[in-house]
Amino acid sequence: MFLLKSIPKVDKFIENEQFDDLSSSLLVSITQEVLQNLRENILKDEVKSFTEDELVQTVLQKYEELTKPSLQKLINATGVIVHTNLGRSLIDAKTFDKVKDVVTSYNNLEYDLAKGKRGERYSHISDVICRLLGCEDVLIVNNNASAVFLILNTFAKKKEVIVSRGELVEIGGSFRIPEVMKQSGAKLVEVGATNKTHLRDYEDSITEKTAMLMKVHKSNYSIEGFSSEVEFKELVRVAKEKNLIDYYDMGSGHLVDLPYGLDQHEPSVLKYMQENPSLLSFSGDKLLGSVQAGIIVGKKEYIAKLKKNQLLRMLRVDKLTLALLEENITSVLLNKLDEIPTLKMLFASTDELRENAQFLKMAVNDICEAHIIETTSVIGGGTTPNRTIPSIAMSVKIKNYKQNKMEKLFRERKIIGRIEDDKFLLDFRAIQKEDIKQIIKVIKEITNV
Ligand SMILES: *Cc1c(COP(=O)(O)O)cnc(C)c1O
């Protein structure tokens, strides 16, 4: 076996000058793997010849694949603004720059500058949030799922929580209210029927074991027709009478008036704060448009209890999260909605979208078949089910490629579009203005393939 004998020795092979700048431990491990594969393929008679340079190129290629970041920038041309698979909400670049200075330096995360003593991690954000919402106190955790878990574990472990049968939601990524409740140690008491729950259903189920009346927002589905649910303010009232805690898991929640009548489908945090609840929680990166986080607001005595739960140590957020969230809330407080990409995209008029679409169409009209169409998109991220908002898209056809092939060609070039009515569409609702140059480049590239 002459070929086997000519496989280079690892020590010698890695001395090749093309490897000079590489990390030697990674280089050795990749080289061992490549040479081992070569050996096996020679034995299987699948390789008849090779050159050292081919091996070098294989190793270099693997090295690059392994060391380049797996998480990378994409262009969202699906039309879905809060797209959980594509990172949910964008952070505004200028906001990120502001925050960069703090997180790349030491900072007062848990340090009270005035007193020169240990400070409180959550204090940075509580002033702005309490001023905005009129709540007594705030706690931030890793995401809204952790908020639900922490609240149930703190107040209802080995006790009962009453929830309507119509609200036992499953959110994408296997977050299910009944399962979360079980894990938290709370006992779920389901009341009412899928389509109808009355206040007396809650009242009749209250026992000495009851800790909480909980409402869950039906984020990603709706119950239509012969249906009714109990308003949260009724639960707040009964909970007060019976000395129980009321809690609303609001899902997305939002802090500003939404366009397209979306307010009717997504509960407003401000509105529910006025009902004087024990606790509310909502996500940081749905319609709030900030970073992944769970925001818990409500009465000081209850937030204090949450802070004492050991579990909080596991769910606590980093300075990066707090700094970004503080910027976001301040932007809302100052009504600078332009600094929140999720809201900016949501509020963009179809005229603005059409202008961007026309700009793109002009640039590529000669090299592909492009049509601007009126369409609709959804908000996504487990918000506003069945609600669509108007959008503008450009259908693209290159050569005689079918829509599936088009989708793949764009996806391979990091542009995620959508297929509708047998057409491949680039929806402008979530395309950033600065993305358009790249889209033009990609269309040119595909035309030349
Ligand atoms: C989205 C959602 C959650 C989970 O929130 P995350 O921030 O994604 O963890 C919990 N409850 C409801 C009702 C939701 O819509």
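Basis for what follows: all heavy atoms, side chains included, without hydrogens, waters or symmetry-related copies. Every number for a ligand or one of its atoms is a count from 1 in the order of the listing.
With sequence neighbours excluded, the residues that form a side-chain contact (heavy atoms from CB on, under 4.5 Å) with Lys196 are His198, Phe226, Ser228.
The residues Glu33 and Lys62 are annotated as salt-bridged, a charged nitrogen and a carboxylate oxygen being separated by less than 4.0 angstrom.
For the pair Lys405 and Tyr401, the cation sits on the ring face: its NZ or CZ lies under 6.0 Å from the ring centre, inside 45° of the axis.
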Kindly print each ligand 1 N/O atom paired with any protein N/O atom under 3.5 angstrom away, one pair per line, or none if nothing qualifies.
from     : atom 1 : to     : atom 2 : distance (Å)
ligand 1 : 5 (O)  : Ser283 : OG     : 3.2
ligand 1 : 7 (O)  : Asn144 : N      : 3.0
ligand 1 : 7 (O)  : Ser283 : OG     : 2.6
ligand 1 : 8 (O)  : Arg88  : NH1    : 3.0
ligand 1 : 8 (O)  : Arg88  : NH2    : 2.9
ligand 1 : 9 (O)  : Asn144 : N      : 3.3
ligand 1 : 9 (O)  : Ala145 : N      : 2.9
ligand 1 : 11 (N) : Asp249 : OD1    : 3.3
ligand 1 : 11 (N) : Asp249 : OD2    : 2.7
ligand 1 : 15 (O) : Ser219 : OG     : 2.3
ligand 1 : 15 (O) : Lys286 : NZ     : 2.8

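For the pair Ser281 and Tyr247, the minimum side-chain heavy-atom distance is below 4.5 Å.
Among all heavy-atom pairs drawn from Ser290 and Leu325, the shortest one is OG-CD1, 3.5 Å.
Under a cut-off of 6.0 angstrom, the local environment of CZ in Arg165 is crowded, with over 12 non-hydrogen atoms contributed by other residues, nucleotides or ligands.
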